[in-house]
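Encoded as structure tokens, the structure appears first; notes follow it.
Excluded from the calculations below are hydrogen atoms, water molecules and symmetry mates; all remaining heavy atoms, backbone and side chain alike, are included.
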Amino acid sequence: MDKDVRIKELEKENHILKREYLRLQQDLSMLSNLNDYASRLRKFNEEKVVAANNAKSNFLANMSHEIRTPMNAIIGMDEIILRETTDNNVIKHALDIRSAGKTLLSIINDILDLSKIESGKMEIIPVKYDSSEIFMDIVNMTMKRANDKGLVYEMNVDGDIPTTLYGDEIRVRQIMLNIINNAIKYTEEGKVSVDASYDRSQEKLIIRVTDSGIGIRDEDLKKLFDSFSRLEETRNRNIEGTGLGLNITKQLVDMMEGKISVSSKYGSGTVFTVSIVQKCIDPSPIGDFGQRLEKAAAENMPKGMKLYAPDARILIVDDNEMNHEVITGLISNTRIQVTNAMSGPQCLECLHENSFDMIFLDQMMPGLSGTSTLKVIKDENLAENVPVIALTADAIVGARDMYLREGFTDYLSKPVMYEELEAALFKYLPKDKIYTDAHMEQDADSAPVVLVINDSTAALSQVRRFLGDGCRGVFVRNDEQARKYLKDHTIDYVIRDGGSMT
């Protein structure tokens with residue numbers, strides 16, 4: 001081949017290669033730009049997801065607070081009405097309000113829990129805990145409901161279960177409650193039994209709940225754990241609920257690397273079995289659960305004993321006036337001396353001026369939060385050895401452990417239930433300031449007797465609140481009832497319609 005021709009061909013090929021090289025460089029540059037763009041887009045999306053989850057989490061916390069605050073007033077004031085009225089119709093309506101309020105609260109809790117799970121904010125927080133305490137709590141929270149329906153209720157706890165376990169006790173308790181309450185809900189007659197055991201070789205806590213309820217059809221078993229799913233709507237239309245409880249239970253069990261199974265015979269009953277890993281910390285067996293339950297009941301609150309502590313002083317700190325009214329109203333019969341503070345700074349002022357036996361401190365307050373207020377209290381030694389109970393309207397995962405880590409002695413969630421409030425007072429008030437029944441009777445015998453005559457139930461209730469426990473009130477609607485009472489009794493004062501005392 002001619003040399004010049006060959007050179008021209010090589011030059012042509014070289015030109016083509018250069019052009020290809022330049023094109024490849026451009027492609028590489030474009031690819032690099034695309035990779036950079038993809039990286040930035042991925043980072044943006046991750047930040048967007050994080051921001052969305054944070055926004056959802058904040059929204060849930062705020063909504064929990066906003067919903068639970070009025071619920072605290074509704075349920076609390078209803079409890080006060082039940083305590084003060086003697087009118088049977090009013091009592092019936094108040095009991096209906098209590099039942100509806102608790103149902104609504106349960107629905108709210110389910111929706112908030114599901115939202116937490118879906119946003120990835122539901123966490124499993126393992127701690128060391130006393131296994132027997134969980135079973136005691138479960139009995140206290142479920143037995144009455146079963147007995148009210150006329151059901152036989154059994155809690156069988158294997159005495160070989162280790163005394164101390166390691167896991168998320170709050171979620172274990174929630175799983176058990178959901179399954180047991182579901183069994184009670186769908187059982188109209190017969191029995192609900194709970195069997196608890198522990199597999200030491202696999203470190204698994206096993207809970208089996210058996211009921212004699214309506215059962216589940218085979219074709220419905222696969223839908224059992226779906227969100228917002230209620231089986232046989234027509235048949236079960238009178239049974240309240242969102243259909244979220246079992247879905248949440250399943251997701252919690254999955255998060256704890258456990259298993260949940262169900263077997264059922266339609267029309268004859270259902271068996272739920274849950275197994276979850278709960279590590280053994282103290283292998284000592286809990287022993288006879290029945291004896292533990294009796295002992296705990298005797299130690300915590302003597303049967304029939306009413307709380308009466310006129311020498312005790314407590315401080316209630318909350319930025320909501322209605323919450324003050326609720327707590328103060330609930331414990332009015334105890335004669336406990338109550339001081340109210342509307343903010344963190346006001347709480348600190350009260351502690352500088354007075355001493356208290358117990359402090360109830362709201363967590364979510366504008367300005368100085370409950371946690372920040374507690375830090376100042378501890379830093380300045382304003383309430384040394386005084387129990388400080390957190391009041392919270394937030395449905396927070398692991399709330400108890402979080403508040404204990406912050407330095408609180410314990411916590412009460414809103415709406416504040418009287419039973420829980422009374423239990424906290426019995427537990428944390430100085431024992432020498434809680435009077436016995438004999439003290440109460442002696443004090444009551446020495447109180448002046450006031451006869452109140454008014455045909456208005458509302459007016460009688462108002463006077464009852466005004467008198468408090470400082471007087472022994474006798475409340476009648478007319479002069480005829482008053483005369484009948486005076487035939488066999490003596491009184492110190494009379495209050496008539498207009499409110500005059502004679």
Side-chain angles (χ1 to χ4, degrees), residues 65 68-69 72-73 75-76 79-80 300-301 307-394 396 398-435 468-469:
H65 184 270
R68 284 168 173 267
T69 296
N72 185 53
I75 293 178
E79 183 68 29
I80 292 171
N300 289 338
M301 197 180 302
L307 180 61
Y308 184 70
D311 296 330
R313 292 173 52 85
I314 68 170
L315 175 62
I316 303 172
V317 188
D318 199 303
D319 63 310
N320 186 295
E321 287 189 17
M322 187 66 74
N323 291 339
H324 284 284
E325 287 188 40
V326 167
I327 298 178
T328 304
L330 288 176
I331 63 174
S332 61
N333 290 339
T334 67
R335 300 285 299 280
I336 292 172
Q337 301 173 51
V338 178
T339 299
N340 296 295
M342 298 296 295
S343 66
Q346 199 173 71
C347 165
L348 300 176
E349 288 179 17
C350 291
L351 291 174
H352 276 292
E353 296 171 0
N354 299 289
S355 60
F356 297 91
D357 299 300
M358 196 169 172
I359 301 169
F360 290 95
L361 181 56
D362 184 34
Q363 170 57 20
M364 191 176 287
M365 295 185 293
L368 205 61
S369 69
T371 300
S372 300
T373 303
L374 180 63
K375 187 176 185 306
V376 177
I377 292 172
K378 290 185 174 296
D379 289 345
E380 298 184 9
N381 294 320
L382 295 178
E384 196 171 356
N385 298 324
V386 175
V388 182
I389 312 300
L391 295 174
T392 174
D394 302 325
I396 300 173
R400 184 174 186 274
D401 298 311
M402 185 190 74
Y403 287 120
L404 292 180
R405 285 195 300 271
E406 296 287 354
F408 288 95
T409 309
D410 210 329
Y411 92 109
L412 288 176
S413 61
K414 299 175 185 175
V416 174
M417 302 299 178
Y418 178 73
E419 293 80 7
E420 296 172 3
L421 175 61
E422 185 182 53
L425 291 166
F426 263 112
K427 185 174 182 179
Y428 295 112
L429 282 177
K431 295 296 180 283
D432 60 347
K433 292 191 176 182
I434 297 177
Y435 282 21
D469 286 336

To the nearest 0.5 Å, how far apart are CD in Q337 and CG in D311?
-> 7.0 Å

Is it true that the side chains of S369 and Q363 contain a donor and an acceptor less than 3.5 Å apart?
-> no

Non-neighbouring partners of D379 that pass salt bridge (Lys or Arg N to Asp or Glu O under 4.0 Å), sequence neighbours left out = K375

Report yes if some heavy atom in the side chain of T373 is under 4.5 Å from a heavy atom in the side chain of V317; otherwise report no.
-> no

Closest non-hydrogen contact found for F426 with K431 is O-NZ, 3.2 Å

Are the side chains of F360 and N323 in touch, meaning some heavy atoms are under 4.5 Å apart?
-> no

In Å and rounded to the nearest 0.5 Å, what is the CD1 to OG1 distance from I434 to T334?
-> 10.0 Å

Side-chain donor-acceptor distances from residues 341-349 under 3.5 Å, at least two apart:
unit_1	atom_1	unit_2	atom_2	d
S343	OG	Q346	N	3.2
Q346	OE1	M342	N	2.5

Of all heavy-atom pairs between Y411 and I389, which one has the smallest distance, and what is that distance?
-> CA-CG2, 3.8 Å

Mind checking the SG-CD1 spacing from C350 to I359? Nearest 0.5 Å is all I need.
-> 9.5 Å

Show your working on side chain to side chain contact (heavy atoms under 4.5 Å, CB included) between M365 and D318 and close with a plain yes or no.
-> CA-CA 7 Å; M365 295 185 293; D318 199 303; 5.7 Å; no

Closest approach of T409 to P387 (non-hydrogen atoms, all atoms of both residues) = OG1-CA, 3.3 Å

Do R313 side-chain atoms and S355 backbone N/O form a donor-acceptor pair below 3.5 Å?
-> yes

Nearest non-hydrogen partners of L374 and G407, listed with the distance = CD2-C, 3.6 Å

Write down the atom of I75, the atom of P415, and the distance for their closest heavy-atom approach.
-> CD1-CG, 3.9 Å

Side chain to side chain, I336 and L307, heavy atoms closer than 4.5 Å = yes

Below 4.0 angstrom, N of the basic side chain to O of the carboxylate: do D362 and K414 qualify?
-> yes

Output the distance between atom CZ (F408) and atom CG (L391), rounded to the nearest 0.5 Å.
-> 9.0 Å

Output yes when a side-chain donor or acceptor of T328 lies under 3.5 Å from a complementary backbone atom of H324, and no otherwise.
-> yes

Spacing of K378 atom NZ and E406 atom CD [to the nearest 0.5 Å] = 11.0 Å

Of all heavy-atom pairs between Y418 and L330, which one has the smallest distance, and what is that distance?
-> CE1-O, 3.2 Å

Rounded to the nearest 0.5 Å, how far apart are CD of E420 and CG of L425?
-> 12.0 Å

Do any N or O atoms from the side chain of S413 and from the backbone of T392 form a donor-acceptor pair under 3.5 angstrom?
-> no

What residue among N340, V386, I331 forms side chain to side chain contact (heavy atoms under 4.5 Å, CB included) with I314?
-> I331

